[in-house]
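One structure below.
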There are 2 protein chains.
Amino acid sequence: MTKQNVPELYLDNQVCFPLYAASRLITKIYAPYLNELGITYPQYLVMLTLWQYGEQSVKTIGERLYLESNTLTPLLKRLEQKKLIMRARSKIDERTVLVSLTNKGREMKEKAKEIPGRIVESFDDKTITEEEISIFQKTLFKLLVVLNNKRNGNNLLDNLDLNAPGLAPR
Amino acid sequence: MTKQNVPELYLDNQVCFPLYAASRLITKIYAPYLNELGITYPQYLVMLTLWQYGEQSVKTIGERLYLESNTLTPLLKRLEQKKLIMRARSKIDERTVLVSLTNKGREMKEKAKEIPGRIVESFDDKTITEEEISIFQKTLFKLLVVLNNKRNGNNLLDNLDLNAPGLAPR
DNA sequence: TACATTTGAATCGCACACGATTTAATCGAT
DNA sequence: ATCGATTAAATCGTGTGCGATTCAAATGTA
């Protein structure tokens, strides 16, 4: 990508805006399904990390979702109000708040399991092939690594948690 | 293929979350450059549409950015306070509010022109090739079409404004 | 052991997003 | 021409995001 071709608006408008728009539209696709569970998309992501990894600190959740306490603390309080999670100071390190699932939170996982399938169904329109999505996902993943490293001001790939929900299988 | 491995979890967690995360990280990349101009990323997108198309209604801006008046009205009022735009009811249709650039808003374009190049520079790290980005952009574009059609509940591609900023060149 | 530094959450203020509703203007079928 | 339906903005309430700051706990170093 030479400077010459960039003049006005390549990555800028060709990628950044569509990414921003697609992200919002996808959240809207989830909304009706998540409404049935009574949670929002960001809250769903927190639940996903808890279902996958179990009890963990606010900081750890933040590293996995690329969010910080200023966003997570209020969000977690809302999940707590809904009796889906519990928050408790760690006995070992009083600075740390450990987040864990309640029974109600664990039970929600069963209902939530249907969601991915229902989302994929709604994309089953042959416009985009599975292979295309696969390639797309790989680049998206790389992009996330680059962006995350820019943000942290280093060149290590180590910073990306490969086990973050949705970043790697399993 | 067991339920566990079904591509279901695929689009869901493999694409949706990274898309959400990448979108936010990209906004953060823009922040320092936009700070120099005193505007936010969504405000920058509105300015882009005005620079590209000139005077247009709130509804039209919304169609181009996939936003509605509940988001745009307050945002436009902030741009108006900054003396970058003007808002005026249309004489022809009193329901419509026409948004246009002030001189200050027009002048900002010159400064803003540098931004795309500076953004692209920060991606010039060889991790992602130009071809990869090109393919990525194509799929992203298709995705946007599919998502937008889902949202509007029809199968026409016509709904997507191919001239939306960043969706197609020129 | 003191004590400055670092760290993890929380808090604060502002700006989106967006579902739902309201208001005013226009359209359209009779 | 009338009046119900539609349309464009605005308004309202809730929930993120995030930069900046605060606070308390833990850490490192003299």
Side-chain angles (χ1 to χ4, degrees), chain A residues 17 20-35 37-47 56-82 85 87-99 147 151, chain B residues 17 20-32 34-35 37-47 56-63 65-82 85 87-99 147 151:
Chain A
F17 166 69
Y20 156 83
S23 172
R24 287 188 298 109
L25 290 176
I26 280 189
T27 299
K28 286 192 187 181
I29 300 287
Y30 273 83
Y33 305 109
L34 295 177
N35 252 339
L37 303 183
I39 58 177
T40 66
Y41 185 70
Q43 290 168 10
Y44 170 67
L45 293 178
V46 168
M47 295 304 286
Q56 58 201 287
S57 70
V58 173
K59 180 178 169 55
T60 302
I61 295 174
E63 284 168 355
R64 292 186 163 131
L65 300 182
Y66 305 93
L67 290 170
E68 287 170 63
S69 66
N70 50 6
T71 298
L72 284 174
T73 296
L75 188 158
L76 292 170
K77 283 181 179 174
R78 277 173 221 119
L79 286 177
E80 194 178 30
Q81 280 180 346
K82 295 175 195 178
I85 66 164
R87 299 185 313 135
R89 290 274 164 187
S90 161
K91 288 276 154 56
I92 295 124
D93 185 339
E94 290 281 347
R95 289 171 304 181
T96 300
V97 167
L98 293 174
V99 181
L147 287 169
R151 186 69 188 155
Chain B
F17 165 69
Y20 156 83
S23 172
R24 286 188 298 109
L25 290 176
I26 280 189
T27 301
K28 286 192 185 181
I29 301 287
Y30 273 84
L34 295 177
N35 253 338
L37 302 183
I39 58 176
T40 65
Y41 185 70
Q43 288 169 13
Y44 170 67
L45 294 178
V46 168
M47 294 304 287
Q56 57 201 288
S57 69
V58 174
K59 180 179 170 53
T60 301
I61 295 174
E63 283 168 356
L65 301 181
Y66 306 94
L67 290 169
E68 287 169 64
S69 66
N70 50 6
T71 297
L72 285 174
T73 298
L75 188 157
L76 292 170
K77 283 181 178 172
R78 274 170 226 123
L79 286 177
E80 194 179 31
Q81 279 181 347
K82 295 175 195 178
I85 66 164
R87 301 184 314 134
R89 291 273 165 190
S90 162
K91 288 276 153 58
I92 295 124
D93 184 341
E94 290 281 346
R95 291 171 303 179
T96 299
V97 168
L98 293 174
V99 180
L147 287 169
R151 187 70 188 157

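To find a chain, count down the sequence lines: A is the first, B the second, and so on, and within it residues start at 1.
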- Would you indicate which nucleotide in dG17(D), dA9(C), dT7(D) comes nearest to any side-chain atom of Arg89(A)?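 Taking heavy atoms from C-beta onward, the closest nucleotide is dA9(C).
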- Note on the structure: Considering only heavy side-chain atoms of Pro42(A), the closest of dA25(D), dG17(D), dC16(C) is dG17(D)
Separation of [N] [atom2] from [X] [atom1] (nearest whole Å):
X: Arg24(A); N: dG17(D); atom1: CZ; atom2: P; value: 12 Å
X: Glu68(B); N: dC16(C); atom1: CD; atom2: P; value: 16 Å
X: Lys77(A); N: dG15(D); atom1: NZ; atom2: P; value: 14 Å
X: Leu25(B); N: dG19(D); atom1: CG; atom2: P; value: 11 Å
X: Glu94(A); N: dA24(D); atom1: CD; atom2: P; value: 13 Å
X: Ile61(A); N: dA10(C); atom1: CD1; atom2: P; value: 11 Å
X: Lys28(A); N: dC16(C); atom1: NZ; atom2: C1'; value: 13 Å
X: Tyr41(B); N: dC18(D); atom1: OH; atom2: P; value: 14 Å

- Mapping Thr27(B) and Pro74(B) onto DNA chain D by nearest heavy atom, which one lands closer to the 5' end? Pro74(B)
- Item | Upstream residue (5' side of DNA chain D) when Ile92(A) and Leu98(B) are each assigned their closest nucleotide |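 Comparing both residues, the 5'-ward one is Leu98(B).
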- For Ser57(A), all residues meeting side chain to side chain contact (heavy atoms under 4.5 Å, CB included), sequence neighbours excluded: Lys59(A), Thr60(A), Thr96(A), Leu98(A)
Student check: side-chain heavy atoms of [X] and [Y] closer than 4.5 Å:
X: Leu72(A); Y: Val46(A); result: yes
X: Tyr41(A); Y: Tyr33(A); result: no
X: Ile26(A); Y: Tyr20(B); result: no

For [N], does either OP1 or OP2 sit under 4.0 Å from a side-chain N or O belonging to [X]?
X: Arg95(B); N: dT22(C); answer: no
X: Arg78(A); N: dT16(D); answer: yes
X: Ser57(B); N: dA9(D); answer: yes
X: Tyr20(B); N: dG17(D); answer: yes

- Compute the angle between the rotation axes at the two ends of the helix from dT1(C)-dA30(D) to dT30(C)-dA1(D), each taken over five pairs, rounded to 10 degrees. 20°
- Message: I need the minimum non-hydrogen distance between Ile39(A) and Met47(A), along with the two atoms involved.
- Response: CD1-CG, 4.4 Å
Pairs: protein N or O with nucleotides 1-3 of chain D N or O, under 3.5 Å:
none

- Query: side chain to side chain donor-acceptor pair (under 3.5 Å) with Arg89(B): which residues, sequence neighbours excluded?
  - Reply: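 Arg89(B): no side chain to side chain donor-acceptor pair (under 3.5 Å) contacts found.
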- Query: Which residues satisfy the side chain to side chain donor-acceptor pair (under 3.5 Å) test with Asp93(B), sequence neighbours excluded?
  - Reply: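 Here the qualifying residues are Arg95(B).
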- Message: Using a 3.5 Å distance criterion without hydrogens, assess whether the side chain of Arg24(A) forms a donor-acceptor pair with backbone atoms of Tyr66(B).
- Response: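 Side chain of Arg24(A) to backbone of Tyr66(B): a pair is present.
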- Start at the 5' end of DNA chain C and walk down; is the nucleotide closest to Ala31(A) or to Thr73(A) reached first?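 Its nearest nucleotide being more 5', the pick is Thr73(A).
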- Pick the nucleotide of DNA chain C nearest each of Lys59(A) and Gln43(B); which residue has the one closer to the 5' end?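 Nearer the 5' end of the strand: Lys59(A).
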Can you tell me how far apart [atom1] ([X]) and [atom2] ([Y]) are? Round to the nearest 0.5 Å.
X: Ile61(A); Y: Thr71(A); atom1: CD1; atom2: OG1; answer: 12.5 Å
X: Arg78(A); Y: Thr40(A); atom1: CZ; atom2: OG1; answer: 8.0 Å
X: Glu63(B); Y: Glu68(B); atom1: CD; atom2: CD; answer: 10.0 Å
X: Leu67(A); Y: Thr73(A); atom1: CG; atom2: OG1; answer: 11.0 Å
X: Leu79(A); Y: Ile85(A); atom1: CG; atom2: CD1; answer: 5.0 Å

- Query: How would you label the contact of Leu75(B) with the nucleic acid (heavy atoms, under 4.0 Å): base, sugar-phosphate, or nothing?
  - Reply: sugar-phosphate
- Which is true for Thr71(A) with a 4.0 Å heavy-atom rule: it touches a base, it touches only sugar-phosphate, or it touches nothing?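 It contacts base atoms.
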Under 3.5 Å between N/O atoms: give me all the protein pairs with nucleotides 20-23 of chain D, atom names plus distance.
none

